[in-house]
Number of protein chains: 2
Amino acid sequence: MTNTIKTKTKLKEINSQSCQEPCLIERGMRVLGGKWKASILWHLKDGPVRFNELSRMLGGASKKMVDQRLKELEVQGLVTREVISDRPIAVAYEITDFGRTALDILEKLKDWTQANNI
Amino acid sequence: MTNTIKTKTKLKEINSQSCQEPCLIERGMRVLGGKWKASILWHLKDGPVRFNELSRMLGGASKKMVDQRLKELEVQGLVTREVISDRPIAVAYEITDFGRTALDILEKLKDWTQANNI
DNA sequence: GCAACCAGTATACTTTTAGTAACCACCAAG
DNA sequence: CTTGGTGGTTACTAAAAGTATACTGGTTGC
């Protein structure tokens, strides 16, 4: 007998290969899971927002953080940056169609947080 | 006139108080968003798993990390730890009913990652 | 006895991230 | 001319996250 342990609970059959290196959950989290990233996306859902306004919305995130996250999100195609005025310089960030596809995950997350008082 | 900018795109009305300090999205992310946390939860969905087995499943997470995350998840009531045998020491981690409520968020995340080749 | 496995713990170390504060150039109002 | 707003950048520091290695103390198997 190789296993003499009397399990009180039925243990999952041992198959180590149920997930290869960075699994889907982990990979997804590395796109949406960074600090402020999901929040930024969420705050853009009702329309374009300006840089400084966004910083204020997040309340507590430094300009550097907002800037860094926005750049990441832009590279990943979740948001776009557009200059809306030159003279008094004004920039707006907008969520892309692809970015919108992530919103229902966030919606669920929001509901869950709310329902469980987290 | 206070605002002389000619906006090409309709800008969101300026109301800085659309989110107070750590908003729902951010708070939720701080529970599920840590590295490996969501993955661990996901890998427990089919039944209890042992410590070393779980480490192998995550492939790449150190024991310390797995240990740390499991403790956090336990404190937050998402998983339970139970000793299933004393003599050859054996411990199994199991997802709680509360933990299960988070699984459909992760399911959506998984589908999203898969659908977009992330 | 010796090696290997279980479930961790401890220590030391490196890397990454977060956050602060100051600064730029530009513009407008007072 | 000074103050305040826009949209950032740069330099620096502090804290968190992660890695690697070794160790305990018991058990099982050869």
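Residue numbers begin at 1 in each chain, while the letters A, B, ... track the order of the sequences.
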If we only count heavy atoms from C-beta on, is the A/Tyr93 to A/Leu73 side-chain gap below 4.5 Å?
-> no
Taking CZ from B/Arg69 and P from C/dT9, how many angstroms apart are they, rounded to a whole number?
-> 14 Å
Sequence-distant partners of A/Glu107, salt bridge (charged side-chain N to carboxylate O under 4.0 Å, His left out), two or more places apart | A/Lys110
Closest nucleotide among D/dG7, C/dA18, D/dT27 to the A/Arg50 side chain = D/dG7
Is A/Arg56 near enough to D/dT6 that one of its side-chain N or O atoms lies under 4.0 angstrom from OP1 or OP2?
-> yes
Would you mind telling me which of C/dA7, D/dT19, D/dG7 lies closest to the side-chain atoms of B/Met65?
-> D/dT19
Would you say A/Leu109 and A/Thr113 make side-chain contact, with heavy atoms under 4.5 Å?
-> yes
Output all residues satisfying salt bridge (charged side-chain N to carboxylate O under 4.0 Å, His left out) with A/Lys45, sequence neighbours left out; order by chain, then residue number.
-> none
What string of B, S and - do you get for nucleotides 8-13 of chain D, 5' to 3', when a contact is any protein heavy atom under 4.0 Å?
-> BS-BB-
With the side chain counted from C-beta on, respond yes when B/Val91 and B/Arg81 share a heavy-atom pair under 4.5 Å apart, and no when they do not.
-> yes
Would you mind checking if A/Asp104 and A/Lys108 are paired as a salt bridge, meaning a charged N to carboxylate O distance below 4.0 Å?
-> no
Give the rounded distance in Å between these two atoms: CD1 of A/Ile89 and P of C/dC24.
-> 18 Å
